[in-house]
Number of protein chains: 2
Amino acid sequence: MINSRLSVAIHILSLLASHPHDRLTSEYIAGSVQTNPVVIRRLTGMLRKAGIVTSSPGTAGAVLTKAPVEITLLDVYDAVFAGEELFSIHDKPNPDCRVGRNIQDTLDTHFERAEQAMKNELARQTLADTVEHLFA
Amino acid sequence: MINSRLSVAIHILSLLASHPHDRLTSEYIAGSVQTNPVVIRRLTGMLRKAGIVTSSPGTAGAVLTKAPVEITLLDVYDAVFAGEELFSIHDKPNPDCRVGRNIQDTLDTHFERAEQAMKNELARQTLADTVEHLFA
DNA sequence: TAGATTTGTAACCATTCTTGTTACAGGAGC
DNA sequence: GCTCCTGTAACAAGAATGGTTACAAATCTA
């Protein structure tokens, strides 16, 4: 339902976290994810803009800016879905109908709570948990 | 990000709940949502299959099977997203890589928790809350 | 009973989203 | 200078989304 950006982003970060002394190229990471290196670089770009990794043109690899235990899955979610709402609300309901006029605001309230609950749970899980589960 | 089915479904149910003595046609409801009547009938069909409303060919309108206070937003979510997972996980990660081999199972665990938290919050809100907010 | 109305559903379409791909400028290092 | 890498734009195929037409069958109404 939601696209696979979070999924691939966590995959990338797991590789970085589990090879802290290597410089993994986008091609190598793409080999593990089984996708195109550009897809990896696109996501790495989002993670860089969010301050989760550093990387620079010409230099192979990306480096985590924090310990895995300090990187929550919410951080990753926010990085790859910056500013997006979880639920879409249909636009242009009929303003001449009392329900139509107020539905967007009402749905906003409902959906905001649900989204926040989901984010709170993502915030409770960190990249360290991911790596631990991967190698357990 | 997630499509607007839940949004429109709640709109439909709000109209039914706030006009309990009328038989609202799909055309009337479509007028409030500002979409095509077939879109309404499609969603009403899902709500019917989930047991939230009854309706039948030839007879105008749909009727709630329960009081609004007994219809949770999770019921509606399950009706319109039956069997779908919230987060997609990229398929075919490389089985020759330890991370690739285990990432799907790990992500499944993480995502399941986040999805469940969201659903728990939806379960706490009912159609009665929606209607109350709409007419407050 | 005949005609009008309505639902349920299939089929189709345009638009947008998603993911993969090619291409290439420019940085880094040997 | 040559090679390798990242960042990024541009493009393309396929899927998803929402809207639309069409129509059979059920119900209602005059």
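Naming convention: chains lettered A, B, ... in sequence-line order (proteins, then strands); numbering from 1 in each chain. In this text, all values refer to a predicted model and were calculated from it rather than measured experimentally.
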Between side-chain atoms of residues 25-32 of chain A and protein atoms elsewhere (two or more places apart, or another chain), which donor-acceptor pairs fall under 3.5 Å?
{"residue": "A:Thr25", "atom": "OG1", "partner": "A:Glu27", "partner atom": "N", "Å": "3.4"}
{"residue": "A:Thr25", "atom": "OG1", "partner": "A:Tyr28", "partner atom": "N", "Å": "3.0"}
{"residue": "A:Ser26", "atom": "OG", "partner": "A:Arg41", "partner atom": "NH1", "Å": "3.0"}
{"residue": "A:Ser32", "atom": "OG", "partner": "A:His11", "partner atom": "NE2", "Å": "2.8"}

Exercise. Could you give the start and end, 5' to 3', of the contact zone on DNA chain D for chain A, using atoms under 4.0 Å from its heavy atoms?
Worked result: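 It runs D:dC5 to D:dA10.
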For this session: Sorted by first residue and then second, give each ring pair (Phe, Tyr, Trp, His ring centres under 6.0 Å) pair with at least one member in residues 29-51 of chain A; sequence neighbours left out.
Result: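 Not a single pair qualifies under ring pair (Phe, Tyr, Trp, His ring centres under 6.0 Å).
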For this session: Sorted by first residue and then second, give each ring pair (Phe, Tyr, Trp, His ring centres under 6.0 Å) pair with at least one member in residues 101-136 of chain B; sequence neighbours left out.
Result: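 Non-adjacent pairs meeting ring pair (Phe, Tyr, Trp, His ring centres under 6.0 Å): B:Phe87-B:Phe111.
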Exercise. Going by the salt bridge (Lys or Arg N to Asp or Glu O under 4.0 Å) test, which pairs reach into residues 93-113 of chain A, not counting sequence neighbours?
Worked result: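 Counting only pairs at least two positions apart or across chains, no salt bridge (Lys or Arg N to Asp or Glu O under 4.0 Å) contact touches residues 93-113 of chain A.
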For this session: With sequence neighbours excluded, give me every salt bridge (Lys or Arg N to Asp or Glu O under 4.0 Å) pair touching residues 2-12 of chain A.
Result: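 For residues 2-12 of chain A: A:Arg5-A:Glu84.
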Exercise. Where along nucleotides 9-16 of chain C does protein come under 4.0 Å, by heavy atom, of base (B) or sugar-phosphate alone (S), with - for untouched nucleotides?
Worked result: BBB-----
Seminar exercise, completed: Its contact letters, B for base, S for sugar-phosphate only and - for none at protein heavy atoms under 4.0 Å, make nucleotides 25-30 of chain C read -BBS--
Can I get a per-line list of side-chain donor-acceptor pairs under 3.5 Å for residues 73-83 of chain B, giving both atom names and the distance, sequence neighbours left out?
{"residue": "B:Asp75", "atom": "OD1", "partner": "B:Thr72", "partner atom": "OG1", "Å": "3.4"}
{"residue": "B:Asp75", "atom": "OD2", "partner": "B:Thr72", "partner atom": "N", "Å": "3.0"}
{"residue": "B:Asp75", "atom": "OD2", "partner": "B:Thr72", "partner atom": "OG1", "Å": "3.3"}

Exercise. In whole angstroms, how far is the C1' atom of C:dG8 from the CG atom of B:Leu43?
Worked result: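 After rounding, the gap between these two atoms is 13 Å.
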Could you list the donor-acceptor pairs under 3.5 angstrom formed by side chains in residues 49-67 of chain A, with sequence neighbours left out?
{"residue": "A:Ser55", "atom": "OG", "partner": "A:Arg48", "partner atom": "NE", "Å": "3.0"}
{"residue": "A:Thr65", "atom": "OG1", "partner": "A:Gly51", "partner atom": "O", "Å": "2.7"}
{"residue": "A:Thr65", "atom": "OG1", "partner": "A:Ile52", "partner atom": "O", "Å": "3.2"}

Exercise. In residues 16-26 of chain A, what residues come within less than 4.0 Å of DNA chain D, judged by heavy atoms?
Worked result: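 Nucleic-acid contacts, sorted: A:Thr25, A:Ser26.
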Problem set entry | Strand contacts (DNA chain D) in residues 80-104 of chain A, 4.0 angstrom heavy-atom criterion |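 Contacts with DNA chain D under 4.0 Å: none.
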Exercise. Does B:Val38 belong to the same Ile/Leu/Val/Met/Phe/Trp/Tyr cluster as B:Leu16, with side-chain heavy atoms less than 4.5 Å apart forming each link?
Worked result: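 No, no single cluster joins them.
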For this session: Check whether any side-chain N or O of A:Ser4 sits under 4.0 Å from OP1 or OP2 of C:dT19, and answer yes or no.
Result: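 Yes, because at least one side-chain N or O of A:Ser4 sits under 4.0 Å from OP1 or OP2 of C:dT19.
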